[in-house]
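Written out below as structure tokens is the structure these notes cover.
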Protein chains: 2
Amino acid sequence: MAAGQGSAAVMERRLSAAEAQCARAGVQLTELRRQVLALVLEAEQPLGAYALLDRLKTQRPGAAPPTVYRALDFLLEQGLIHKVERLNAFVGCAGAGHDHHAGHQHAHQFLICRQCGQTIEISDPMVARALAEAASRVGFQAGHAVVEVEGRCATCAAVA
Amino acid sequence: MAAGQGSAAVMERRLSAAEAQCARAGVQLTELRRQVLALVLEAEQPLGAYALLDRLKTQRPGAAPPTVYRALDFLLEQGLIHKVERLNAFVGCAGAGHDHHAGHQHAHQFLICRQCGQTIEISDPMVARALAEAASRVGFQAGHAVVEVEGRCATCAAVA
DNA sequence: CGGGGTTCTGTTACTATATAACTTCCTGGG
DNA sequence: CCCAGGAAGTTATATAGTAACAGAACCCCG
């Protein structure tokens, strides 16, 4: 197995779901985009664009920064991956393929473990609501929100 | 006047408060650090490190990236400024000097206007609470949280 | 079939953001 | 005086992201 968020079979299922989602949206999950998505999904942690590029080069020797950034932009637009701003890195969207959000952004939050680097995605409606209320209280029309909490995950807390 | 968040008199008051806060913490607000803080405070919008560097060079011709980054690191540690991750830019801490948080991080959120670029800092206890609860629900020990909402400020919404 | 878009990818070059590593300077304590 | 530690200077480099144009593949339409 290639390490990562799940077995090869799970990976395949997620890629197929992505394929289906793109088909529905009328956009193409090309080979390149699929490769980059697979690289993001099989990582245990958020990966930076250049880390992805290095890995991509093993399959596609001519790859250059724009190669990977264009694929990432596409995947972000389709809501298949998210960017972790604090880390300048990318992770697979936890909810992708569950079609309660076919394509495009949904409210989500990241919990970033400072010890093991694992990044947990949650989607807490109370956080979203509190933010929307706080914003509207000052007349601000809220769009997409970046919410990233640094701390210690349950596993690392249990060890020490 | 030098443009920015307030008059020269207000600036002086904020710098003095910063000085006092550093003295209490047993750290030095050196001339360099004070200059960088002044540059951040007098800007209307978040400024990137290199924008600050350009301005700093007028006062300190030999300044290089580490010059400004080191000062920024110090100011961040003292809680005198914040970094806006989405913009890779820095703003003065709205509450600094009010000593309900002498030194070090306090929970805050940014509302970033996509139109005028203005960044409003708020400190909503409900948001902080919702986040803390959501984190603890999955056994995560929450530390500092980055919360940045992109959208449209009241002023820009009123115009169009 | 043959333009002529559009979309995707390749390629080169570059800009922007951030840090490493070593040196120098200054200050305060013995 | 000497030295320990913090701050700043200096050089070089690492990391992140984009601009701009060229080529290829595809599809539609006439």
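As a basis for the values below, the full set of heavy atoms in this structure was taken, side chains included, without hydrogen atoms, waters or symmetry mates. Every chain is numbered from 1, with letters handed out A, B, ... down the list of sequences. Source: prediction; values computed, not measured.
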Give one of base, sugar-phosphate or nothing for B/R33, where a contact means two heavy atoms less than 4.0 Å apart.
-> sugar-phosphate
Is the centre of the A/H106 ring less than 6.0 Å from the centre of the A/H144 ring?
-> no
Sorted by first residue and then second, give each ring-ring contact (aromatic ring centres under 6.0 Å, His included) pair with at least one member in residues 12-44 of chain A; sequence neighbours left out.
-> none
Quick one: is C/dT9 close enough that its OP1 or OP2 comes under 4.0 Å of any side-chain N or O from A/R60?
-> no
If you draw a 6.0 Å radius around CZ in A/R114, do more than 12 non-hydrogen atoms from other residues or ligands fall strictly inside?
-> yes
Any donor-acceptor N/O pair under 3.5 Å between C/dG10 base and A/R70 side chain = yes
Excluding sequence neighbours, so at least two apart, what forms salt bridge (Lys or Arg N to Asp or Glu O under 4.0 Å) with A/E12?
-> A/R34
In whole Å, what is the span from the CD atom of A/E31 to the C1' atom of D/dC26?
-> 17 Å
Please confirm whether any donor atom in the side chain of B/Y69 sits under 3.5 Å from an acceptor in the base of C/dA20, or the reverse.
-> no
Interatomic distance where CG belongs to B/L87 and C1' belongs to D/dA16 [whole Å] | 16 Å
Would one find a side-chain N or O of B/N88 under 4.0 angstrom from OP1 or OP2 of C/dA18?
-> yes
Quick one: B/Y50 OH to D/dA16 P, roughly how many Å, whole number?
-> 14 Å
Would you say a side-chain N or O of A/T30 is under 4.0 Å from OP1 or OP2 of C/dT7?
-> no
Examine D/dG17: is either OP1 or OP2 under 4.0 Å from a nitrogen or oxygen in the side chain of A/K83? Give yes or no.
-> yes
Gap between atoms CZ and P, on A/R34 and C/dC8 respectively (whole Å) = 17 Å
Side-chain N,O (A/Q28) to OP1/OP2 (C/dT7) below 4.0 Å = no
